[in-house]
Structures are given as structure tokens and as C-alpha cells.
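Positions are given from 1 along the sequence.
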Amino acid sequence: MRLVARFAAAAFALAVLGLPASAQTIYPNDGTIGMVPPEGMVPVPGVPGFQDRAASASILVLEMPKPAFAEITSNFAPEELQKQGVTVEQRRDVTLADGVPAVLLKGFQTVGAGALKKWILIAGAKEQTGMVTVQFPEASAARYPDAKVEEALKTVVFRAPPSTEEMLAKLPFTVAETEGYKVMKVIGSSAVLLTKPETGAAGAADKGGPQTQSFFIVAVGPGEIREEEREAAAKRAITSVPGIKELRVERGGPLRVGGQPGFELIANAVDQQTGQPVKVAQWLSFGRTGYLRMVGVAPTENFDADYGAMRALRDGVALR
């Protein structure tokens, strides 16, 4: 499935109401893409978008890498959207502020016996691509006429992303020790990825072959996990570690993490890209309103040496 279908398929559900809307440009979820939403639309806390609950109307804003614009617009396939129930009736090129090129798709989506009016704006700025999707039922068309929707979409603007330091400061936790790891990416407002180059098995670096990097992920999740559910939660979580396959849990059990009840799992796996064997260490630290999840992955031959650094990283993570 091409990118346009994947991203369009993701743009359907929004949550509860947030703050009052204004005539100012709003950057939902404090992201890098903003717009002046139509009157009646308000930001959704924790979601990159807007909503008018009474009209069942929503706007979802997706941030994508710069190359996505060319890929989506040049490989546009209406039949892929049709598989999602979306029929494109009109496509045209538009130009946004600062000369940003964009493509505007207009149509509808079949949902059961009803239909949703739908707009998809794909914009290609200098540093990134944005996709803005508007949808609402036919019954709300009088409240949101075409001209009003398109006027709002043409206000879409981009701003430079915050620095790594600014993004780290917004996370609900701090990382006191990095132990040779470097921050590679802050993921939204709830996770951070740290990496440390490693030489893979059989001297891959010397032979110019692919290398496996050690990496460490820290993320926070909402909700209390009861004691009797913690082992099952840990086992479910470790199956979702990115970049690995053929995972087999080796050992694990409860322990204290940062003064909180926790659970550790150690597993063997294979790096999806290089095919090299890796080991995985996962720790969950449980609180009353949420939990911390910390995952370290390293080449098997380096794991014993790296395990101490991973534990130091783990012990340096604390909720704000």
C-alpha cells in the first residue's frame, strides 16, 4: 500500500474537546504544523488536531519526512484510497503561505450506510511534509461549507522544529545518565530514543559490512497496572520492541526500579536489518497513575559489557 493510503487511513479518529479556538494560528499538540481552524473547531489535548464534537467534525494533522511529499503526490493512486472507502472527486494544486506547494484532494468516505465529506491537504515545505485531513458527516455540511473548509486549509503553515534540548525538557521524565549513549530522537511528548554505535558480529566494521547499533528507549505510559497483571503486561510489551524479530524470552522477574515496583525481562532476538543476534533488556517501573518502560538492545557479543551501562541509564530515569 502506498504512503497516501497508509496516512489517509490513519486520519479518522479523534478524542475529546479541548481549549477554545481563536482566530490565531494554532499548532495542535505543540507540533510544527499550524493553521487557523474553522470557527467551531477546538484543539484536542494530546492529539495533533481539532474537533467539533457537536458536528462530529474533525481535523487531523500529520507530520512526515520531506521526501514523503514527492512520493505521495507522484504515486497518487485513487484506487488505494478507494480500498479505505474514500472516493476522490477532485484534485488540484494549491500554493500556501511562503510559496509552499500543496495538493488538495476533495471527496467523501463511505462509513456503513452513511458518508463523510473529506478533504486531504498534502503540503511540501522545505524541511518536512504535512498532511491535514478534514472530515464530517453530510449533516454538518451547512455548518462547514466547502469555502469555509478550504479557506482554513489554505492557512496551513510550518515552523522550525524545537531543539532536542527543548523537546527533552517537555518529556514527563528526565534521563540523568547517558553512559555513552546519545539522544537520536525525541518521539512526541512521551518517549526518547538513544543510540550507541557498536561493532556487529564477526568484525563487520572491519569488513565494511552492516553493523548493529545498541539502542535504548525510554517511554511513559498512562494508567495503573495491578500487581497480578504486571508479568503479562511486561511480556506483551517486549514483543513490540522495534527493529528485531524471532524474540525468545530468556529470563525475568519482579524487582525494584527507581524505588518503584518493577519487572525485568531479558530476551534473545535477531536484528531485522543485519540478521545479527541481539539481546534485549526491558524494565517496567510501575506507578499509581502510569508506568515507565525502558528497553535496551545490543549485539549479543556486546551485551554483557553493555548491560551495566543500560542499568545505569535505567537507574537515571525519573518522572518529573
Side-chain angles (χ1 to χ4, degrees), residues 4-5 7-29 31-44 47-64 68-69 72-73 76 78 80-82 84-125 128-159:
V4 65
F7 284 110
F12 298 153
L14 287 176
V16 296
L17 294 178
L19 302 174
S22 72
Q24 302 295 319
T25 297
I26 299 174
Y27 293 84
N29 205 33
T32 60
I33 302 175
M35 65 182 294
V36 179
E39 184 180 354
M41 291 274 193
V42 295
V44 183
V47 175
F50 307 87
Q51 186 180 48
D52 178 348
R53 179 184 289 175
S56 298
S58 64
I59 299 176
L60 185 67
V61 179
L62 295 177
E63 300 176 5
M64 296 177 286
F69 179 74
I72 294 172
T73 55
F76 174 66
E80 294 291 352
L81 283 177
Q82 189 69 56
Q84 307 294 327
V86 178
T87 298
V88 176
E89 298 176 307
Q90 183 183 103
R91 169 184 171 163
R92 69 179 190 271
D93 296 331
V94 296
T95 301
L96 306 180
D98 299 322
V100 172
V103 173
L104 180 61
L105 308 176
K106 177 185 174 184
F108 64 91
Q109 181 188 5
T110 302
V111 181
L116 297 173
K117 298 198 69 172
K118 201 170 195 78
W119 285 260
I120 302 173
L121 178 80
I122 307 143
Q128 64 177 320
T129 297
M131 178 180 285
V132 182
T133 301
V134 183
Q135 66 178 31
F136 50 81
E138 292 279 359
S140 298
R143 186 165 181 171
Y144 292 103
D146 290 4
K148 183 176 181 179
V149 173
E150 294 186 17
E151 180 183 6
L153 287 171
K154 289 180 181 179
T155 68
V156 168
V157 293
F158 294 78
R159 66 180 178 182

Taken to the nearest 0.5 Å, the spacing of Met35 CE from Lys154 NZ works out to 12.5 Å
For side chain to side chain contact (heavy atoms under 4.5 Å, CB included), just list the numbers for Leu105 and Phe76, CA-CA rounded to whole Å, side-chain angles, deciding distance to a tenth of an Å, and then say yes or no. CA-CA 11 Å; Leu105 308 176; Phe76 174 66; 3.7 Å; yes
What is the distance from atom CZ of Arg91 to atom CD1 of Ile120, rounded to the nearest 0.5 Å? 11.5 Å
Give, for atom CD1 of Ile33 and atom CE of Met64, the distance between the pair rounded to the nearest 0.5 Å. 7.5 Å
Over all atoms of both residues, closest heavy-atom pair of Pro137 and Ser56: CD-O, 3.3 Å
Which pair of non-hydrogen atoms, one from Ala57 and one from Tyr144, has the smallest distance, and what is that distance? CB-CE1, 3.9 Å
Using modelled atom types only, decide if a donor and an acceptor are shared between the side chain of Ser140 and the backbone of Ala55 within a distance under 3.5 Å. yes
When every non-hydrogen atom of Ala102 is compared with those of Leu121, the smallest separation belongs to CB-CD1, 3.8 Å
pair Leu60-Pro48: side-chain heavy atoms closer than 4.5 Å: yes
Taking only residues two or more places apart in sequence, or in another chain, which ones meet Glu151 in a salt bridge (charged side-chain N to carboxylate O under 4.0 Å, His left out)? none
Check Leu153 against Leu96 and note the closest heavy-atom contact, atom names and distance. O-CD2, 3.9 Å
Taking the side chain as every heavy atom from C-beta outward, state whether Arg92 and Val94 have any atom pair closer than 4.5 Å. yes
Please find the pair of heavy atoms, one from Val61 and one from Pro28, that lie closest to each other, and give the distance. CG2-CG, 4.0 Å
When rounded to the nearest 0.5 Å, the distance separating CG of Asp98 from CZ of Phe158 is 10.5 Å
How long is the gap from CG on Asp52 to CZ on Phe136, to the nearest 0.5 Å? 10.0 Å
Decide side chain to side chain contact (heavy atoms under 4.5 Å, CB included) for Thr155 and Thr25; before the verdict, give the C-alpha distance in whole Å, the side-chain angles of both, and the deciding distance to 0.1 Å. CA-CA 8 Å; Thr155 68; Thr25 297; 5.8 Å; no
Criterion side chain to side chain donor-acceptor pair (under 3.5 Å) on Gln109 and Thr87, from CA distance to verdict: CA-CA 6 Å; Gln109 181 188 5; Thr87 298; over 6 Å; no
Heavy-atom distance under 4.5 Å between the side chains of Val149 and Lys117, does that happen here? no
Indicate the atoms forming the closest heavy-atom contact of Ala123 with Phe69, along with that distance. C-CD1, 3.6 Å
To the nearest 0.5 Å, tell me how far Lys118 NZ sits from Lys106 NZ. 14.5 Å
Aromatic Tyr27 / basic Arg159 pairing, under 6.0 angstrom, 45° off normal: yes
